[in-house]
Trainee: 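Encoded as structure tokens, here's the structure I'll be asking about.
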Amino acid sequence: MMRRRYILFFALLAFAVTRPAVARLWETEQQLQARYGPPIKKIENSPDGGKFYTYRFKEYNILVSIIGGKSENEFYVRQDRKPLTTTQITFFLLQISEASGDRWWWDRRLPMKVLGQNWKAVSVDFNRVPTTDSPGVEVCTLSYARRVNLISTEKLPQGIPTPPPS
């Protein structure tokens, strides 16, 4: 019995140590750097009005837009440019959901998933966009989605909960 406990303890410890850590929306540059190390590419004045950093983490490239000192947009792609698996996408979305305390919801009339009834964030699965050259998943805050015209409340189907005003 005691041997089983040791085996279970070390298995859980190994899982905790090797579990991939991914960025979460709303992290600061310092938190991102602590998580990944220095970015492999930096654009200080990006078209979205912030900073655009690319990080390499395990088999992923994570492209992050930092606005007002915090991460507002993250795009996860595999380095080999293959589409992310459903498990990988679910993992990234779960990390952000856990950090925010809200759940993702989806309506087939929307081209995206939405975090929380108050639209804290939106997620677009570019694996399903046949014209993209970088299949992956993008997650951004509501304010970022509005800034880059990703969503428009005037174009939402009837019956979809509308996001709070800016």
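We use all heavy atoms of the structure for the numbers below, so side chains are in, but hydrogens, waters and symmetry mates are not.
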Trainee: So, for V122 and A145, which heavy atoms are closest and what is the spacing to 0.1 Å?
Mentor: CG2-CB, 3.9 Å
Trainee: What pairs with N45 under side-chain contact (heavy atoms from CB on, under 4.5 Å), at least two apart in sequence or on another chain?
Mentor: none
Trainee: For residues 111-119, which side-chain donor-acceptor pairs fall under 3.5 Å, sequence neighbours excluded?
Mentor:
unit_1	atom_1	unit_2	atom_2	d
W119	NE1	P161	O	3.0

Trainee: Test side-chain contact (heavy atoms from CB on, under 4.5 Å) on L84 and F91 and set out the steps.
Mentor: CA-CA 11 Å; L84 295 171; F91 175 76; over 6 Å; no
Trainee: Using side-chain hydrogen bond (donor to acceptor under 3.5 Å, both in side chains) as the criterion, list what pairs up with T141, not counting sequence neighbours.
Mentor: E72, S143
Trainee: Mind checking the CD1-CG spacing from I66 to L32? Nearest 0.5 Å is all I need.
Mentor: 5.0 Å
Trainee: Grab the two heavy atoms, one from I96 and one from W26, that are nearest each other, plus how far apart they are.
Mentor: CG2-CZ3, 4.4 Å
Trainee: Applying the 4.5 Å side-chain criterion to the ILVMFWY set and letting contacts propagate, would L94 and W106 be lumped into a single cluster?
Mentor: no
Trainee: Report yes or no: does S97 contribute a side-chain atom to a donor-acceptor pair with the main-chain N or O of D102 at less than 3.5 Å?
Mentor: yes
Trainee: Which pair of non-hydrogen atoms, one from S65 and one from F52, has the smallest distance, and what is that distance?
Mentor: OG-CD1, 3.6 Å
Trainee: Which heavy atom in R81 sits nearest to a heavy atom in P135, and how many Å separate them?
Mentor: O-CG, 3.3 Å
Trainee: Does the T90 side chain pair with the main chain of T86, one donor and one acceptor, at a distance under 3.5 Å?
Mentor: yes
Trainee: Could you tell me which residues satisfy side-chain contact (heavy atoms from CB on, under 4.5 Å) with E44, sequence neighbours excluded, listed by chain and number?
Mentor: K42, K51, Y53
Trainee: First locate atom CG of N73, then atom OH of Y144, and finally report the distance between them rounded to the nearest 0.5 Å.
Mentor: 4.0 Å
Trainee: Does a side-chain heavy-atom distance below 4.5 Å link S123 with V139?
Mentor: yes
Trainee: So, using side-chain contact (heavy atoms from CB on, under 4.5 Å) as the criterion, who are the partners of R56 when residues are at least two apart?
Mentor: I40, N61, Q79
Trainee: Between atom OH of Y60 and atom CG of D80, what is the distance when rounded to the nearest 0.5 Å?
Mentor: 9.5 Å
Trainee: Which atom names give the shortest non-hydrogen contact between C140 and L25, and what distance separates them?
Mentor: C-CD1, 3.9 Å
Trainee: Going by ring pair (Phe, Tyr, Trp, His ring centres under 6.0 Å), name the residues that satisfy it together with Y55, two or more places apart in sequence or in a different chain.
Mentor: Y36
Trainee: Has the side chain of E98 got a donor or acceptor atom that lies under 3.5 Å from a matching backbone atom of Q95?
Mentor: no
Trainee: Between atom CZ of R35 and atom CD of Q33, what is the distance when rounded to the nearest 0.5 Å?
Mentor: 13.0 Å
Trainee: Taking side-chain contact (heavy atoms from CB on, under 4.5 Å) as the test, write out the residues that go with E59, two or more places apart.
Mentor: Q88
Trainee: What's the shortest heavy-atom distance between P83 and R78, and which atoms?
Mentor: O-CD, 3.6 Å
